[in-house]
Amino acid sequence: MVRAMSALVPQITLSDDQAVAHDRLAELLRGAGIDIDEGLLTPPQEGKSAVMAVMGKAGSGKTMLLGQMTRALMAAGVEVISGDYEGKRRKDRRTLAVLAPTNKAASVLRMRGVPATTIHRILYTPIYDPQYERIAEWLTGEGTRPEVEGLAEGALDRAFAFFQQVASIPGALAAAGLRGSDFIKGWKRREEPLDVGFIDESSMLDERQFDDLREIFPTLVLFGDPAQLAPVGQSGSMVFDRLPEARRLILNRIHRQAEDNPILDLAHALADPALGFEEFERMVEAAARKDDRVVWAERVDAGMMARSPVLVWRNATRIRLIHAFRAVHGAPEDALLPGEPLICDGIELPLKHRKKRIDLEARGLIKGAQVIYLGPGNREGFAKLHVVGAEDPQFSAASIIKIEKPDEEEPFIPSAARMGAAFLHGSAVTIHKAQGSQWEEVQVFAPDLWAAAQAGRSEAGVPLWKRLAYVAITRAERRLYWVVRNRLARPQEALGIADLKPRSVPLRLTPTEDAAEA
């Protein structure tokens with residue numbers, strides 16, 4: 001039995017529904033051998049598993065509760081697994097992983113102080129070179145200071161100093177002057193289970209991902225918004241919809257930090273079954289007159305599209321806006337400009353290249369990932385990329401980039417490796433693909449939502465336009481632009497990449513990229 005100081009957890013004021021959820025989750029964890037109230041840990045019991053969901057709309061405090069529970073588990077002595085490096089498994093070790101379906105969603109949590117990573121980084125674990133694994137063991141307190149051939153003492157000192165500030169093994173090794181390809185030799189599917197998994201944005205999970213997570217985590221807590229759009233192909237249902245009522249905890253209250261927020265006010269107004277599209281637009285217009293956090297926009301801002309895509313419903317609209325964006329920025333027909341945004345559309349590799357797929361996905365190139373094109377790679381068919389929200393964002397990869405054009409069946413392909421990561425242009429995306437992401441400023445293309453309202457379609461008994469509007473609106477962190485006309489405003493600045501954060505390790509070709517062309 002291990003005892004830790006749970007009194008070290010900063011106390012925050014919980015609403016009544018949050019307090020109930022907190023107590024229910026604490027009870028769930030006690031059943032798994034983790035007592036966050038007393039700071040006691042006992043070994044897990046074989047064959048015991050449980051799933052619980054915390055559900056609530058935007059502003060109801062899901063992320064606040066997730067953060068509070070994470071801090072309580074860490075104070076109780078539970079080890080957080082980040083996906084960077086895992087030391088030797090101890091019998092008395094209890095573990096927690098905080099996961100999100102996308103890089104952007106994980107980075108939003110990290111900015112709020114929650115040590116989150118993506119689902120793929122937990123499904124797949126890195127294989128370290130044995131020489132450099134000795135450094136990782138030393139940094140994590142599992143070994144003595146090593147002597148590494150070719151690495152000066154000062155380099156180890158830099159690695160140690162970095163790790164004391166940021167508990168990242170790849171970051172520490174990069175501070176020592178090493179590249180990721182020096183110490184990570186590949187990736188493998190996780191073999192050993194963990195203990196507790198907190199999954200944010202769980203409305204995005206499909207059945208296969210849910211099954212994968214249940215294999216790894218005997219105790220699983222899903223945090224999700226039931227008002228969002230369900231994954232494609234799941235008939236409007238989400239994985240937590242099938243849980244027994246006793247396993248679903250509902251947060252209803254909108255918290256103080258979310259009150260008086262016109263963006264959330266508009267999102268929650270959509271719950272009124274009598275509200276029609278025209279009446280809702282009048283509400284948006286009225287909000288824009290009172291508060292600059294809502295903007296009634298007569299046209300799309302092309303400059304903003306470079307880093308914050310226009311959110312649309314119809315693919316035809318998406319393609320037209322992308323074509324207009326490229327034209328107004330003077331992009332050539334046969335090449336991309338550095339700074340153009342992309343969306344990962346999946347990995348196009350045959351089954352025999354499973355290890356290469358794992359490497360790309362573990363680096364952040366999962367379907368739906370937001371990427372900025374930096375320029376051509378060092379080989380034909382390769383592109384230098386910045387994966388938005390990834391912990392190690394910049395690298396070069398074999399790429400298949402497709403630029404769709406209006407009224408043309410075949411896309412233009414400026415970069416065409418034989419196999420690798422596939423991309424579509426990202427200056428405009430569908431609202432479905434925008435789930436799990438947030439931007440400071442978001443443009444919503446209202447004519448598409450009007451078209452959805454006119455179509456009269458529903459999802460899970462709710463008019464589709466309302467679900468689309470809710471998801472689109474809640475992607476905005478600071479300002480919402482409600483675009484009412486099919487027009488494009490010229491950008492004030494040329495496309496570029498100067499705004500992107502410096503990479504944490506040197507840009508290089510990864511083993512996957514070398515093999516992808518073999």
Side-chain angles (χ1 to χ4, degrees), residues 103-104 107 295 297-312 317-345 364-365 368-378 381-390 393-397 399-406 408 411-417 421-430 433-434 437-445 475-479 481 483 486-503 507:
N103 302 296
K104 192 68 166 62
S107 70
V295 178
E298 293 289 337
R299 60 190 66 198
V300 176
D301 185 327
M304 199 183 305
M305 292 170 71
R307 297 294 180 266
S308 176
V310 182
L311 304 186
V312 305
T317 305
R318 179 180 63 84
I319 294 169
R320 284 199 306 272
L321 285 169
I322 288 169
H323 182 70
F325 169 85
R326 301 199 76 237
V328 80
H329 275 288
E333 288 284 325
D334 59 349
L336 288 176
L337 294 174
E340 288 198 61
L342 302 172
I343 295 288
C344 182
D345 198 40
L365 288 180
Q370 302 162 53
V371 178
I372 306 298
Y373 177 76
L374 301 177
N378 299 324
F382 281 73
K384 295 176 182 176
L385 307 167
H386 178 102
V387 182
V388 177
Q394 296 188 2
F395 54 95
S396 178
S399 304
I400 304 161
I401 302 173
K402 306 172 185 178
I403 307 297
E404 301 148 292
K405 294 185 176 182
E408 293 187 21
F412 157 62
I413 302 178
S415 179
F423 299 95
L424 300 174
H425 207 275
S427 55
V429 303
T430 62
K433 281 196 174 177
S437 296
Q438 282 191 309
W439 298 268
E440 283 198 2
E441 299 182 323
V442 165
Q443 301 183 87
V444 178
F445 194 72
R475 299 312 90 200
E477 294 177 334
R478 186 170 60 87
R479 181 169 289 124
Y481 291 78
V483 181
N486 191 10
R487 296 176 182 173
L488 191 72
R490 290 186 174 275
Q492 300 297 311
E493 298 178 356
L495 278 173
I497 57 175
D499 60 306
L500 301 178
K501 292 182 179 180
R503 51 189 177 267
L507 187 68

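All values below were derived from every heavy atom in this structure, side-chain atoms included, with hydrogens, water molecules and symmetry-related copies excluded. We count residues from 1, following the sequence as given.
Applying the side-chain hydrogen bond (donor to acceptor under 3.5 Å, both in side chains) test to residues at least two apart or on different chains, the pairs with a partner in residues 324-343 are Arg326-Glu340, Glu333-Lys405, Glu340-His425.
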Candidate pair Lys433 and Leu424, rule side chain to side chain contact (heavy atoms under 4.5 Å, CB included), full reasoning: CA-CA 12 Å; Lys433 281 196 174 177; Leu424 300 174; 4.0 Å; yes
Audit row: Asp301, Tyr481, side chain to side chain contact (heavy atoms under 4.5 Å, CB included) steps and yes/no: CA-CA 9 Å; Asp301 185 327; Tyr481 291 78; 5.8 Å; no
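Qualifying side chain to side chain contact (heavy atoms under 4.5 Å, CB included) partners for Gln438, counting only residues two or more places apart in sequence or in other chains: Val108, Arg112, Arg475, Glu477.
Once rounded to the nearest 0.5 Å, the distance linking CZ of Arg318 with CZ of Phe445 reads 14.0 Å. Atom CD1 of Ile372 and atom CG of Leu342 lie 7.5 Å apart (nearest 0.5 Å). A distance of 9.5 Å separates OH of Tyr373 from NZ of Lys384, quoted to the nearest 0.5 Å. If you take CD1 on Ile413 and CZ on Phe423, they are separated by 13.5 Å, rounding to the nearest 0.5 Å. Atoms OG and CZ, from Ser308 and Arg479 in turn, are 12.0 Å apart once rounded to the nearest 0.5 Å. Atom OG of Ser437 and atom CD1 of Ile343 lie 7.5 Å apart (nearest 0.5 Å).
For Arg478 and Glu441, the salt-bridge test passes: some basic side-chain N is under 4.0 Å from an acidic carboxylate O.
Heavy atoms only, all atoms of each residue included: Ser399 and Ala383 are closest at OG-CB, 3.7 Å. Among all heavy-atom pairs drawn from Ala421 and Leu365, the shortest one is CB-CD1, 3.8 Å. Shown here for Ala397 and Leu385, the closest heavy-atom pair between the two residues is CB-CD1, 4.2 Å. Contact detail for Ser427 and Ile322: the closest heavy-atom pair is OG-CG1, 3.5 Å. The two residues Val310 and Leu321 have their closest heavy-atom pair at CG1-CD1, 3.9 Å. Ile319 approaches Pro406 most closely through the heavy-atom pair CG2-N, 3.5 Å.
Side-chain contact between Ile400 and Asp345 is absent, with no heavy atoms from C-beta onward closer than 4.5 Å.
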Compile the donor-acceptor pairs under 3.5 Å between side chains in residues 486-500 and protein atoms, sequence neighbours left out, one pair per line.
from	atom 1	to	atom 2	distance (Å)
Asp499	OD1	Arg307	NH2	3.1
Asp499	OD2	Arg307	NE	2.9

